[in-house]
Asks: 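Before I ask anything, here is the structure I am working with.
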Amino acid sequence: MKRIYLDHGATTPMHPQVLEAMLPFFGQVFGNPSSIHSFGREARRALEESREKTALALGAAPGEIIFTSGGTEADNLAIQGVAEALSGKGRHLITSAIEHHAVLDTFKALSKKGFEVTLLPVDRYGMVDPDDLVSALRDDTILVSVMMANNEIGTLQPIEELSRICREKGVYFHTDAVQAIGNIPVNLKELPVDLLSLSAHKFYGPKGVGALFVRRGTKLGKLFFGGGQEKKQRPGTENLPGIVGLAKAIELAVVDIPGKAAAMAALRDRLIGSLLEQIEEVQLNGHPVQRLPGNVNVSIKYVEGEGLLLDLDLKGIAASSGSACTSGSLEPSHVLMACGLDHQTAHGSLRLTLGHNNTAEDVDYAVEIIKGSVARLREMSLLYKNYRRKNDNPQTGEEETSCITKK
Amino acid sequence: MKRIYLDHGATTPMHPQVLEAMLPFFGQVFGNPSSIHSFGREARRALEESREKTALALGAAPGEIIFTSGGTEADNLAIQGVAEALSGKGRHLITSAIEHHAVLDTFKALSKKGFEVTLLPVDRYGMVDPDDLVSALRDDTILVSVMMANNEIGTLQPIEELSRICREKGVYFHTDAVQAIGNIPVNLKELPVDLLSLSAHKFYGPKGVGALFVRRGTKLGKLFFGGGQEKKQRPGTENLPGIVGLAKAIELAVVDIPGKAAAMAALRDRLIGSLLEQIEEVQLNGHPVQRLPGNVNVSIKYVEGEGLLLDLDLKGIAASSGSACTSGSLEPSHVLMACGLDHQTAHGSLRLTLGHNNTAEDVDYAVEIIKGSVARLREMSLLYKNYRRKNDNPQTGEEETSCITKK
Amino acid sequence: MYNEKVIDHFQNPRNAGEMFDPSGVGEVGNMKCGDIMKIFIKVENDRIEDISFLTFGCGAAIASSSMLTELVKGKTLDEAMKITNMDVANHLGGLPEAKLHCSNLAADALHKAIEDYRSKVQ
Amino acid sequence: MYNEKVIDHFQNPRNAGEMFDPSGVGEVGNMKCGDIMKIFIKVENDRIEDISFLTFGCGAAIASSSMLTELVKGKTLDEAMKITNMDVANHLGGLPEAKLHCSNLAADALHKAIEDYRSKVQ
Ligand SMILES: Cc1ncc(COP(=O)(O)O)c(C=O)c1O
Ligand SMILES: Cc1ncc(COP(=O)(O)O)c(C=O)c1O
């Protein structure tokens, strides 16, 4: 069976050159970068070269890069770290309603520890309004965190404007750029953010390694205590092969972003167009223009997302959904709900995230498969039958559905 | 130049079979274990198989293994996690004076947050006395953490006895087994510890991945917030290749530990014997018998450790030292100081840690090189000249040395 | 996640579709939880002669609807009333923990359909 | 960590060893910090005619002792008094940050040796 991977927002396959760059560090160059002998020094050299490459790709200085075990740790280090370092100055924090759980749940945990958290709302496209940030800022605000690109709906936030507002007020600004790196240009020389998180496996690098950019002079507490690694900011023997892989991946990722993004956006728009045209009752979620070049998120009404994913998977298409049934919790995606979708529309969401290996052929093939799956599932969907009936005899009111919720 | 690696306590070269086991997960099996499609399910299967293998190697249940980014994170998760979960019950913590910084500095950080920490002393061999633990335990003690094997001097603690004392009192017991795994047998079915940390790169596995054993029912807070991975106890996309590597490494590590340990201890004793016999004014640090099979730690008087390491390194021998000059801090090893060594003896410490690839030939060759280096450095050592002079004319008193400390 | 039997019922659902002149119908679930099921039965001589379902919901919801219809077809109403959601899950060879309580409601819908039929014939 | 010049002075130290009839000696450092240096000078016509050192310490301490002796051999005492620890580090092409303050004390030892000499000839 032909398998097509359309879930690059979840993770990406590693670039072959990244593996090639990593391999020596699983072999001869196995030293601990903290050791002072030649084995250690070779390792240290590779570590510092990786830091330089990573910094260069972001427009940062090498001393501003802290390697972590991934995006989640980077987000936690930024948020918990600032909260700890500045708790004497103030206890008010601001974030958006559509952040990834690594950010949102960290703020939730802080709100249980005596911090006050303001959630900025988003419009129907998932966009934060800078005016809302201006109104939310207080004298005791110590940190604002707004993601650069949303992982579910792909919406790009006005980070330049948001961060400038914070810079003027002297408030630290963190952005979760986990989905942005490699997809849109990021130049930290010009963007006044103080902290930025990234995760290698989202841009064709290895899993289990990420980084936090910490602008020089930014005060930051820490999550772990231990050895002197990463300027004591993040102790533990460094994941050297992973770090070398991250550096290689980001080096590759930032080559000709505009060109790659344009090609991918064209593919994305072809996919969106086909879905909207060829399937009835489909709506696009997220922003029509300000969105990640590879992100497609649609709600296919009267079909439940997890069932659709399963059917697609059985036919070789790998995708994801904001349906509650895929999350383990009983709630549908907080992102779609924050955009104002009703439960039914949120349950019927389908996210397709393109990667560099996807072709127009893949896209067209996927559309065919999705069409078939949707038709099959709608055929047994109570909601679809109700909709058809209402459409055919518009006078009939929709029945109430009773609810049995068990736990 | 012939290079001999005698620093396996710092890190080990990866076993070729470990790399082999990892490679597919950098290639086709790249899915995110949280994804519900086939790519994700393949990844999840490998994740859970790795958890089973790891559990099996330790005599634990799969549900008791949490994968982390290394030993430091595992130590922090255990200690910060228990402190958070049980802070309502008590605020007294106990650890030993010779723990790794990942443990010691975490306790130090907690002591700044309202916890009270008792440091158990050690004898001249680095051994904790169980009677000291009994005296230190209080009604408000919530956690005791004592390492299984010391990383510098190799001393093995009486963990069975210490953990039994805690179990009887209903106090959680954590052990940092980072240096022990693969070197001495560990069976968690019989050993009543509640939490145990390990790190793959110390037993021929990959860097940047470790695990925390958390006995079923043990209450534990967390370090990070985010997705639902590792039962929400440790969120973040899993480092799947690393985890697969850890599992393979521990599977290999626990095969015939008694046989491997006996062979290595024989090599270790040959090395210790040669150093003590062939170089004057050398003393063994750590316990003569209760020590890691691969650990040699000696103090070579009148020679400073960092200079010796450098000279050995230039001649191809990779080792380490507890000298302050190797640590970046101005203090010599807290472990050697806790064993009662004076500054000079601590500064002259040399740690040689054997690995499975080392041979008797390596050991003999290393001894020759060390002899030469020591002779050369003593030739220009003021302290050695003083010692010789005193030895030759025993009546002359030793001069006071003036001190200029700048910072 | 799902075993082969569940996948089979999901891919080849038995008795899916509307029924045009049912003796009774039962519906459970709500939009918030994401699963809604409707069971249609045709009753003759106190036996379930025919049965069908419509389901908006995840794989588990569809498979358990399908399995339920297969289980009770031909059974007497009293026999059918004894079937529980857990029986359905067991006949499927088990469902993921998370799905047991939210998506495994087909027996409830059936019981409602039987009650509906009984309330009408009384 | 160390550059080639430092390594060269460490491996092939110039003027290492005791001097038997020195005009002055100077010693700095202490056991706690881990570095102790002693400089021996032979002075003739207000010039450093000969110089040697003994050092217990790390690579940087040995290299900076060696470098210092090379730098001042033949200089007048006044010239030698002007040489600083930083000059020594610079002539070595730099030392690691952590070593600059604890192991780079050779000039201090030299100044003490000169003072020792001067106190004796007065
Ligand atoms: C926006 C965003 N932030 C944070 C994360 C967490 O990254 P990781 O899973 O690498 O820890 C992810 C991906 O899962 C993400 O999409
Ligand atoms: C005893 C001990 N505990 C903890 C650690 C920390 O492990 P890691 O460096 O993998 O985080 C080490 C090794 O550095 C160790 O030897």
Side-chain angles (χ1 to χ4, degrees), chain A residues 3 5 7 10-14 19 22 26-27 30-32 34-40 68-73 75-76 100-103 105-106 108-109 199 201 206-209 223-228 235-242 306 309-310 312-313 317-320 326-328, chain B residues 3 5 7 10-14 19 22 26-27 30-32 34-40 68-73 75-76 100-102 105-106 108-109 199 201 206-209 223-228 235-242 306 309-310 312-313 317-320 326-329:
Chain A
R3 292 207 302 171
Y5 187 75
D7 200 14
T11 195
T12 56
M14 215 162 75
L19 179 56
M22 291 168 71
F26 289 123
F30 67 87
N32 186 324
S34 298
S35 298
I36 72 167
H37 46 62
S38 65
F39 296 83
T68 69
S69 68
T72 298
E73 188 191 332
D75 284 339
N76 275 264
H100 188 270
H101 282 293
V103 169
D105 290 11
T106 305
K108 261 187 214 154
S199 184
H201 74 99
K207 293 178 177 58
V209 58
L223 299 172
F224 310 159
F225 303 89
T237 301
E238 299 87 346
N239 175 359
L240 190 60
E306 192 251 37
L309 287 195
L310 182 57
L312 293 179
D313 181 45
I317 307 289
S320 78
T326 64
S327 71
Chain B
R3 292 209 301 172
Y5 187 75
D7 200 13
T11 195
T12 56
M14 215 161 73
L19 178 57
M22 290 168 72
F26 289 123
F30 67 87
N32 186 324
S34 297
S35 298
I36 71 167
H37 46 62
S38 63
F39 296 84
T68 68
S69 68
T72 298
E73 188 190 334
D75 284 339
N76 275 264
H100 188 270
H101 282 292
D105 290 11
T106 305
K108 260 187 216 153
S199 184
H201 73 100
K207 292 178 176 60
V209 59
L223 299 173
F224 309 160
F225 304 88
T237 301
E238 299 88 346
N239 175 0
L240 191 58
E306 192 251 41
L309 287 195
L310 181 59
L312 294 179
D313 180 47
I317 308 290
S320 77
T326 65
S327 71
S329 82

Asks: Counting heavy-atom pairs closer than 4.5 Å to chain B, which one of A/G236, A/G70, A/S69, A/S38 comes out on top?
Replies: A/S38

Asks: Quick check on A/L223 against chain B: is it the side chain, the backbone, both or neither that has a heavy atom closer than 4.5 Å?
Replies: both

Asks: Flag the one option from A/G228, A/G40, A/G27, A/G31 with the top tally of heavy-atom pairs under 4.5 Å to chain B.
Replies: A/G31

Asks: Side chain, backbone, both or neither: which part of A/T68 has an atom under 4.5 Å from a heavy atom of chain B?
Replies: neither

Asks: If you take all heavy atoms of B/H37 and A/A319, which pair is closest and at what distance?
Replies: CD2-O, 3.2 Å

Asks: If you tally heavy-atom pairs under 4.5 Å against chain A, which of B/N239, B/L240, B/L19 wins?
Replies: B/N239

Asks: Could you tell me which of A/T237, A/V103, A/V209 has the largest number of non-hydrogen atom pairs under 4.5 Å with chain B?
Replies: A/T237

Asks: Minimum heavy-atom separation for A/K207 to B/F30, with atom names?
Replies: NZ-O, 2.6 Å

Asks: Show the nearest heavy-atom pair for residues B/G227 and A/H101, with the distance to one decimal.
Replies: N-CB, 4.2 Å

Asks: Between B/N32 and A/T11 (side chain of the first, backbone of the second, donor and acceptor by atom type, cut-off under 3.5 Å), is there such a pair?
Replies: no

Asks: Under 4.5 Å, counting heavy-atom pairs only, tell me which of B/H100, B/R3, B/E238, B/M22 racks up the most with chain A.
Replies: B/R3

Asks: Nearest 0.5 Å, please: how far is CG in A/D75 from CZ in B/F225?
Replies: 13.0 Å

Asks: Measure the CE-CZ distance between B/M14 and A/F26 for me, rounded to the nearest 0.5 Å.
Replies: 5.0 Å

Asks: Please report the shortest heavy-atom distance between A/D105 and B/G226, naming the atom on each side.
Replies: OD2-O, 3.3 Å

Asks: List for me each residue that meets side-chain contact (heavy atoms from CB on, under 4.5 Å) alongside B/S199, sequence neighbours excluded, and say none if there are none.
Replies: B/V178, B/H201, B/K202

Asks: What distance do A/L309 atom CG and B/I36 atom CD1 have between them, rounded to the nearest 0.5 Å?
Replies: 4.5 Å

Asks: Please state whether the side chain, the backbone, both or neither of A/N76 comes within less than 4.5 Å of a heavy atom of chain B.
Replies: side chain

